[in-house]
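Heads up, the thing below is written out as structure tokens.
Below, read A as the first sequence line, B as the second, and so on, with proteins coming before strands; counting in each chain starts at 1. Source: prediction; values computed, not measured. Values below: every heavy atom of this structure, side chains too, minus hydrogens, waters and symmetry copies.
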Amino acid sequence: MSSLIPFIIKKLLQYIPMIFAVIIITFILVHMAPGDPTFILVGEVGDEEFIKTARARLGLDKPLHERFIIYLSNVLKGDLGYSYLRSEPVAKLIVDRIPATLLLVLTAMFFSALIGIMIGTIAAARKGVLDISLSTLSLFGISIPYFWLGQIILIVFAVRLGIFPLGGMVTVGRSYQGIDYVLDVIYHLVLPVMTLAIFNLAYTTKITRGSVLEALTQDYIVTARSKGLPESRVIFRHALRNALIPVVTYIGFNTGVLLVGAILTETVFAWPGMGSLLYDSIRLRDYPVILGIFIYGSIIIIIANLIVDLLYGLLDPRIRVR
Amino acid sequence: MKLIEISNLIVYYNTSQGLVKAVDNVSLEISRGEALAIVGESGSGKTTLALSIPRLLPDNARILGGSIWLYPEKVDLTKLSEKELRRIRGRRIGVVFQDPMTYLNPVMKVGDQIAESIVYHQNCSLKEAKEKVLELLKKLKIPDAENVASRYPHQLSGGMKQRVMISIAISCNPELLIADEPTTALDVTVQAEVLELLRNLIQELKIALILVTHDLGIVAETCDKVAIMYAGKIVELADVYNLYRDPKHPYTVGLLDAVPTIKESESKISIIGGSIPDLINPPSGCRFHPRCPYMFEKCRQEEPPLVNFDKNRYVACWLME
Amino acid sequence: MKNEKIKKNFLLKSGYLQFPIKKIILTQMNSRIFAGLIIISIITIMAITAPFITWHPPLKTLVGKPFTIPNNHYLFGTDDLGRDIYSNVIYGIRTSLIVGLSSVSIAVIIGTLIGVLAGYYRGIIEDFLMRITDMTLILPQFLLALVIVAIFGQNFQNIILAIGVVSWPGIARMVRAEFLSIKERPFIEAAKAIGLSDMKIIFSEILPNAMPAVIPYIILQINAAILIEAGLGFLGIADPNVPSLGLMLNTAQQYLMNAWWMAVFPGLMLSIIVIGLNLLGDGLVEYLNPRLRKR
Amino acid sequence: MEKNFFLKVVNVKKYFPVSKSFLIKSQKYVKAVDNISFSIRRGGTLGIVGESGSGKTTLARVILRLIEPTSGSVYFDNKNIFDLDKHELRKLRPKMQMIFQDPMASLNPRKKVKQILTQVFKLHTSLSNEEIYDRVLDLLEKVGLSPPELFLDRYPHELSGGQRQRVCIARAIALNPKLLIADEPVSALDVSVRGQIINLLLNIYRERGEDMIYIIISHDIALIKSMCKDTLVMYSGRMVEFGETDSIIKSPLHPYTRMLISAVPIPDPEIARTKKRIPISGEPPSLINPPPGCHFHPRCPYVMERCKVEVPQYFQVEDRLVSCFLYAQY
């Protein structure tokens, strides 16, 4: 595995520039926008004195390239400005919300990947009615928009049946400790995770099915059969192992979709993550927070892609050894 | 001693354009230790015929008639369940495929790919199987066997990959080895090496060989018996010496002359006109008649049977009457 | 011997861009493509004939009592401001389709241009263009579009432009990938060998062969654009003067407890559009992938 | 064009850089064609034989400048092809044509036969549509596609393998080229169809051979024997032997040529089983890291110390050129 370390370094070198790209894009957008960039970087509300110091801090009276250096160093230091409306630094606001979002995303991702790969493989291996019905179900799963699905789930399970809470992450007015707290969170987690997982499950199923079907047409499957191996081993050891490579790529590529999905789902279920923060900030025109969420979101996605790329190298020996 | 007897086998493919009559009423026998070549062009049904023995055909293939008897117990392979067949594939029948690049699993070490069938058929642990793999690779005179076994296919050269394929096929000492165009993807010099290896193996291990190929050159060097296929039918079946010395069927004659050789004598290339027929609607009567220079009325209407006309010699042609 | 009819036929110059639509429809009609086409046709007809199949102006408030439950007159009920949800849904389809088509047109123009340049010319141009494409491809399309609209102002044109601007990288990648593989095929070398110019090779040899693979992707991209518009609307980023399915769901969110119809109908229609486009896109992908078609 | 035209290839090299990453441009090259020189006169037929990766196809492409050379020069029609600008090159194209290995892949799948063939005339002649039509029909007839009207409106996928290759040949000979290179013209075809195409190529040569130069590229030395007077043997990007085909086959000089000829299967069991075999070992070297010295030395039964360090130059043995130190005393 001596080839692994240079491989990791190479990947890191590929991804770091992307973070700069995100910052550059944000900077360009802010300065291309009509009106004074101060409003966007500081917020619409504020007294003269505050705006004045902010302008000086951001170097808005300096030439463009100096402004960029200042902006870049601020962002790299983690200084994304100050939310005047909430009187808190943007970075702190966002970092406080990230765990809740990640909890939602990772739980949904875990379940949907696990179940989706299983169902997808079964659908590919068993042709006929089972395959057709699973494919149709997954088509519906893919097509229904997250936020609407969330609303319907909420209407059915919380409003009509009343078996799950209407929203939030913990029951308001109770201060649970220890295991009770965990159980309470899980209780609140079920519906948003379900919303988020349905789409992802459907998509993973679809990708896995296609990928396994494709792998099953490959020549090495015939070789495996010629050895007299049981069909289960042919499918799981030979077909699925090869089929997983595109599936993993998809899961990585989909982190972005999932994160956005989480943001929309959080809005439906008032889950206290980045999504709710974004929703409130849009209503209040709190531009620094919106920009901050964009930057943080992008970085999370870039990191997820990096991880998947590394995983890809582990799964496919052809990529690693060159 | 008979090993395989194919009788009146019919294999069709179901495609969106219609039924492809790939193998139509073919009978053939192969004995222990014998090397048989099935020679034909693309679409002649040669691969279908060979791979229907271990039933490794694509999903849309249907065995519609006939039987394939495996001796000594005389079981019909076409009637066996998948489960019963699995005990024969890999253990009693090994297969070497055409393109070692695509027929080896790209994400599995080659040593594990060979060990796999040993584990399944010889009831031994993975560790024992791996030792057997090394013995096997050494037997095939592969230098640095340990190293090769721990490689992935893409790290090996074409010839080495084909040797790995061969060792998968013979890992459980099969009675029959089916080699489907085993050297088509290889260079001439590598081809010569791989063929040499195959020849030595079948002699040493007394394995029966079915060599599927379009190249009459490698048949001359390797096999004892030759079956010439055209459009899903066997048109001539003969001992290798007789066939080359005195080909009977017009197609065989054309095939032998159509290939330039480096023989001393002035090479004259004769032509078979036309092109390979469409097997969805094959020509009536003798399937070769539209391309045959000696065609007469009967050929167009009646199909010639494969008749024994000399010792070990069968020809399907009305000229032989 | 020289048949006049053949000669005439021969002299008729035939077009280069031939997508085998006739063949798909007549011979190997894939059931998904068929279902997708039907759904999309019905949706499109509804969008075009919106003024004739609705009887209330979509954005007008108090055409009925607020929170009217669906009945014969207000098929889908009314919302908190007494607007007719049925009218708004029908006009909302129009908005979705306009956004999908126009923003993807922008994306196709940018993407094809960049893809063609990067795919045909190698070296620094390719490196530079593809690095930009790869970076933009990883960025969350939705968040980028959201930031753009938030900064530049929430009007209809900006929404279309923003979605167009974030949708091109996928198309560029696809076009380039097709170009790269087609460019290596021997018939391109054959075209060079008979002395065809670069422009002719790009437009008459490569592009017609690249399009079949790109078209289903474009359809799926239209789908994505429609969903981005709806998602933005759901977060409240929309032009209040244009009926939008997403914006309706945003309003519905506040009244989920008592006015279920406000959420159900707009979302249902949105899902139907998406299902139709997915069927069509997937069907085409499957149809054009020879390996999957075999089964 | 001059009456006694010729094709002269001088020190042609084509190195492909092995790119490692976009930041570090590596200094490693795949030397696909390494310093090849030869010349043929009008009426000459040359076979280039070599195994996969020997650089024979790259050589053909470089000669026609379908890919840009690394260095060297190719004189044809008294011009150095490598010095021409794009425009001049395009004008010369109809004089030098190529037939490709895979006829299906070398025809645009979205064009009908008539579009493929008229394109050539439209590009390089000012004939009227009617004249072009007649020429296309003649051409189809000439390559054995008759009646020609039947084939005009077909797409490549509606033709059989042999018919496709005939269309490719028609395209190549449409404007009477002076140089015709056929790259593995029959290896993608069925055995029984190969004879037809070989004969078609031979007929074309017999008809106009005195007025053109023919180059056949193949891995199959038997095919070259049946078509070419001279042969150039390539191994790992270099020329190892050059001379008359018959004498190369009868008495190959270079150890690689010997191995190659000995490896060719002979379709005659009596000869095949009695002939003396030259032991064959090893495989063609990696293109990125070829062995130093003579590229063949790791497989050579006569290897000397010198072969491992020095690249052998060409030695003239009678009328042949051979790149091997065994012949250093000549």
Side-chain angles (χ1 to χ4, degrees), chain A residues 14-15 17-18 21-22 25-26 29-30 32-35 40 127 139-140 142-149 151-152 154-155 158-160 166 206 210 213-214 216-218 253 255-257 259-261 263-264 267-268 275 278-279 281-283 285 287 290-291 293-294 297-298 300-302 305, chain C residues 32 35 131-132 134-144 146-148 150-154 223-224 226-228 230-237 245-246 249-250 252-253 256-258 260 262-264 266-268 270-279 282 285-286 289 291-292 294-295:
Chain A
Q14 272 175 16
Y15 278 96
M18 295 204 177
V22 172
I25 289 173
T26 329
L29 283 178
V30 166
M32 265 171 58
I40 294 162
K127 281 155 277 175
L139 174 80
F140 285 119
I142 293 160
S143 303
I144 299 169
Y146 288 113
F147 40 97
W148 183 61
L149 182 65
Q151 291 181 329
I152 297 301
L154 197 66
I155 292 175
V159 179
R160 298 273 145 167
L166 279 167
K206 178 185 149 171
L213 270 184
E214 177 120 7
L216 281 173
T217 65
Q218 299 291 325
F253 187 70
T255 344
V257 181
L259 191 75
V260 170
I263 283 172
L264 294 168
T267 311
V268 177
L278 181 68
Y279 185 65
S281 308
I282 289 170
R283 276 195 317 180
R285 311 248 174 272
Y287 293 111
I290 298 177
L291 287 179
I293 288 176
F294 171 65
S298 304
I300 291 176
I301 289 163
I302 289 168
N305 273 280
Chain C
R32 284 176 190 233
R131 232 131 265 283
I132 292 183
D134 282 349
M135 283 177 189
T136 359
L137 195 62
I138 283 190
L139 296 183
Q141 284 187 348
F142 181 81
L143 286 182
L144 189 53
L146 184 145
V147 168
I148 295 175
I151 290 179
F152 286 82
Q154 296 181 15
N223 213 349
I226 289 174
L227 279 173
I228 292 178
L232 290 176
F234 177 69
L235 289 180
I237 297 197
L245 297 173
L249 292 175
N250 172 283
Q253 177 68 25
L256 283 184
M257 306 272 284
N258 23 46
W260 54 267
M262 282 176 66
V264 167
L268 199 61
L270 187 58
S271 304
I272 291 172
I273 300 176
V274 178
I275 287 173
L277 285 169
N278 268 336
L279 279 169
D282 283 357
V285 170
E286 198 169 299
N289 181 343
R291 215 180 239 143
L292 286 178
K294 256 194 279 176
R295 306 260 311 209

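- Residue contact with chain A, scored on non-hydrogen atoms closer than 4.5 Å, involves the backbone and the side chain of C:Leu268 alike.
- The contact between A:Tyr15 and chain C is made entirely by side chain atoms (from C-beta outward), counting heavy-atom distances below 4.5 Å.
- In this structure the side chain of A:Leu259 never reaches within 4.5 angstrom of the side chain of C:Phe142, judged on heavy atoms.
- Only the side chain of C:Leu139 comes within less than 4.5 Å of a heavy atom of chain A; its backbone N, CA, C and O stay farther away.
- The shortest heavy-atom contact between A:Ser143 and C:Val274 is O-CG1, 3.3 Å.
- Of all non-hydrogen atoms in C:Phe234 and A:Val268, the two that sit nearest each other are CZ-CG2, 3.5 Å.
- Rounded to the nearest 0.5 Å, atoms CD1 (A:Ile155) and CE (C:Met262) are 10.5 Å apart.
- For C:Leu137, the parts lying under 4.5 angstrom from a heavy atom of chain A are both the backbone and the side chain.
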Please determine whether side-chain contact (heavy atoms from CB on, under 4.5 Å) holds for the pair C:Leu146 and A:Val260, giving the CA-CA distance in whole Å, both sets of side-chain angles, and the decisive distance to 0.1 Å. CA-CA 11 Å; C:Leu146 184 145; A:Val260 170; over 6 Å; no
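- Across A:Pro145 and C:Leu270, no two heavy atoms sit closer than the pair CG-CD2, 3.5 Å.
- Residue A:Phe294 comes nearest to C:Leu143 through the heavy atom pair CD1-CB, 3.8 Å, listed as atom of the first residue, atom of the second, then distance.
- Of all the listed residues (A:Val159, A:Val257, A:Leu291), the one sharing the greatest number of non-hydrogen pairs under 4.5 Å with chain C is A:Val159.
- Here the straight-line distance linking atom CD1 of C:Ile237 with atom CD1 of A:Ile290 works out to 6.0 Å at 0.5 Å rounding.
- For A:Ile144, the parts lying under 4.5 angstrom from a heavy atom of chain C are both the backbone and the side chain.
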Going through the checks in order, is the side-chain contact (heavy atoms from CB on, under 4.5 Å) test met by C:Val147 and A:Thr26? CA-CA 9 Å; C:Val147 168; A:Thr26 329; 5.6 Å; no
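- Residue A:Leu166 touches chain C through its side chain alone, counting heavy-atom pairs closer than 4.5 Å.
- Of the atoms belonging to C:Asn258, not a single heavy atom falls under 4.5 Å from chain A.
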Working note: C:Leu144 + A:Leu29, criterion side-chain contact (heavy atoms from CB on, under 4.5 Å); need CA distance, chi angles, decisive distance, verdict. CA-CA 10 Å; C:Leu144 189 53; A:Leu29 283 178; 4.1 Å; yes
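- Residue A:Ile282 touches chain C through its side chain alone, counting heavy-atom pairs closer than 4.5 Å.
- Considering only heavy-atom pairs separated by less than 4.5 Å from chain C, the leading option among A:Arg160, A:Met32, A:Gln151 is A:Gln151.
- A distance of 9.0 Å separates CG in A:Leu264 from CG in C:Leu232, rounded to the nearest 0.5 Å.
- The two residues C:Val264 and A:Trp148 make their nearest non-hydrogen contact at O-CZ2, 3.3 Å.
- Listed options C:Gly231, C:Gly153, C:Gly236, C:Gly246 were ranked by heavy-atom pairs under 4.5 angstrom with chain A; first place goes to C:Gly231.
- In this structure, chain A has no heavy atom under 4.5 Å from any part of C:Ile273.
- The candidate from C:Leu279, C:Leu277, C:Ile151, C:Ile272 with the greatest count of non-hydrogen atom pairs under 4.5 Å with chain A is C:Ile151.
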